[in-house]
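A short worksheet on the structure shown next.
What you see is a predicted model; the values in this text were computed from it and never measured.
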Amino acid sequence: MTKKRVVTEFGMGTSLRREDYTEAAARAIRDALWHNSLNVAELFDFPKTAMIIDVEVGVQKPEAVDESALKALFPYGQPSINVVLGGLDVPRPDGSGVTVIANVALKVSFDMEPAHA
């Protein structure tokens, strides 16, 4: 079996006031999942539990993200979360903090046998 990527989706999420990096990342994941609803498991006649979901999250404070909370967002499949330096912290005009912006790349794969011609 070989892991074959079938789709990549992107999302963006924010935490406007609380500087909550996990919530910004969760909103970015929801953006990628629900804005871009795809039925790829059914397309290949796989159960949804067979989906291998690799999620890369970019935020300015990767250590502030609760990866287990992000995994809990997925109702099925096998999610793995990788949080890296990215996204943006945008200073508020009044100097009271930052607005957190998280970016996500979500890649869905399946273990498949290669097709032979």
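Nearest approach of L70 to A26, heavy atoms of both residues: CD2-N, 3.6 Å. Scanning all heavy atoms of the two residues, the minimum distance from S15 to A24 falls at N-CB, 3.8 Å. In plain terms, the two heavy atoms of A69 and T22 that are nearest each other are CB-CG2, 4.1 Å. The two residues A28 and G13 make their nearest non-hydrogen contact at CB-N, 3.4 Å. The minimum heavy-atom distance linking E67 with I81 is given by the pair OE1-O, 3.4 Å.
Using modelled atom types, one side-chain atom of Q60 and one backbone atom of G86 make a donor-acceptor pair closer than 3.5 Å.
Other members of the cluster containing V90 are M12, L88, I101, with ILVMFWY side chains joined at under 4.5 Å, either directly or via other members.
Taken from CZ in R5 to OG in S109, the straight-line distance is 6.0 Å, to the nearest 0.5 Å.
Under the 4.5 Å side-chain heavy-atom criterion for grouping Ile, Leu, Val, Met, Phe, Trp and Tyr, L33 is connected to Y76 within one hydrophobic cluster. If you chain together hydrophobic residues whose side chains sit under 4.5 Å apart, L16 and I29 never meet in one group. Note: the hydrophobic cluster containing V65 does not contain L85 (ILVMFWY, side chain heavy atoms under 4.5 Å, direct or indirect links). Using a 4.5 Å cut-off between side-chain heavy atoms of Ile, Leu, Val, Met, Phe, Trp and Tyr, with links allowed through other members, V6 and I52 fall into different hydrophobic clusters.
Taking the side chain as every heavy atom from C-beta outward, E56 and V84 approach each other to under 4.5 Å. Using a 4.5 Å heavy-atom threshold, the side chains of V55 and V104 count as touching. At a threshold of 4.5 Å between non-hydrogen side-chain atoms, the residues D31 and F10 do not count as touching. The closest side-chain heavy-atom distance from I53 to K107 is not below 4.5 Å. Residues D89 and T99 fail the side-chain proximity criterion, which asks for heavy atoms closer than 4.5 Å. Counting heavy atoms from C-beta on, the side chains of V100 and D20 never come closer than 4.5 Å. Contact annotation: the side chain of V57 never approaches that of Y21 to less than 4.5 Å [non-hydrogen atoms, C-beta and beyond].
Under the rule for a side-chain hydrogen bond (donor to acceptor under 3.5 Å, both in side chains), the partners of D66 that lie at least two apart in sequence or sit in another chain are S68. Under the side chain to side chain contact (heavy atoms under 4.5 Å, CB included) criterion, P47 pairs with T49, A50, not counting sequence neighbours. Under the side-chain hydrogen bond (donor to acceptor under 3.5 Å, both in side chains) criterion, R92 pairs with S96, sequence neighbours left out. Evaluation of the side-chain hydrogen bond (donor to acceptor under 3.5 Å, both in side chains) rule for T8 yields no partner, not counting sequence neighbours. Partners of K48 according to the salt bridge (charged side-chain N to carboxylate O under 4.0 Å, His left out) rule, which considers only residues two or more places apart in sequence or in another chain, are E42. For N103, there are no side-chain hydrogen bond (donor to acceptor under 3.5 Å, both in side chains) partners, not counting sequence neighbours. For E23, the salt bridge (charged side-chain N to carboxylate O under 4.0 Å, His left out) partners two or more places apart in sequence, or in a different chain, are R27, R30. The salt bridge (charged side-chain N to carboxylate O under 4.0 Å, His left out) check on R17 picks up nothing, with sequence neighbours excluded.
Residue pairs meeting the ring pair (Phe, Tyr, Trp, His ring centres under 6.0 Å) criterion with at least one member in residues 45-68, sequence neighbours excluded: F46-F110. Residue pairs meeting the side chain to side chain donor-acceptor pair (under 3.5 Å) criterion with at least one partner in residues 78-88, sequence neighbours excluded, are D54-S80.
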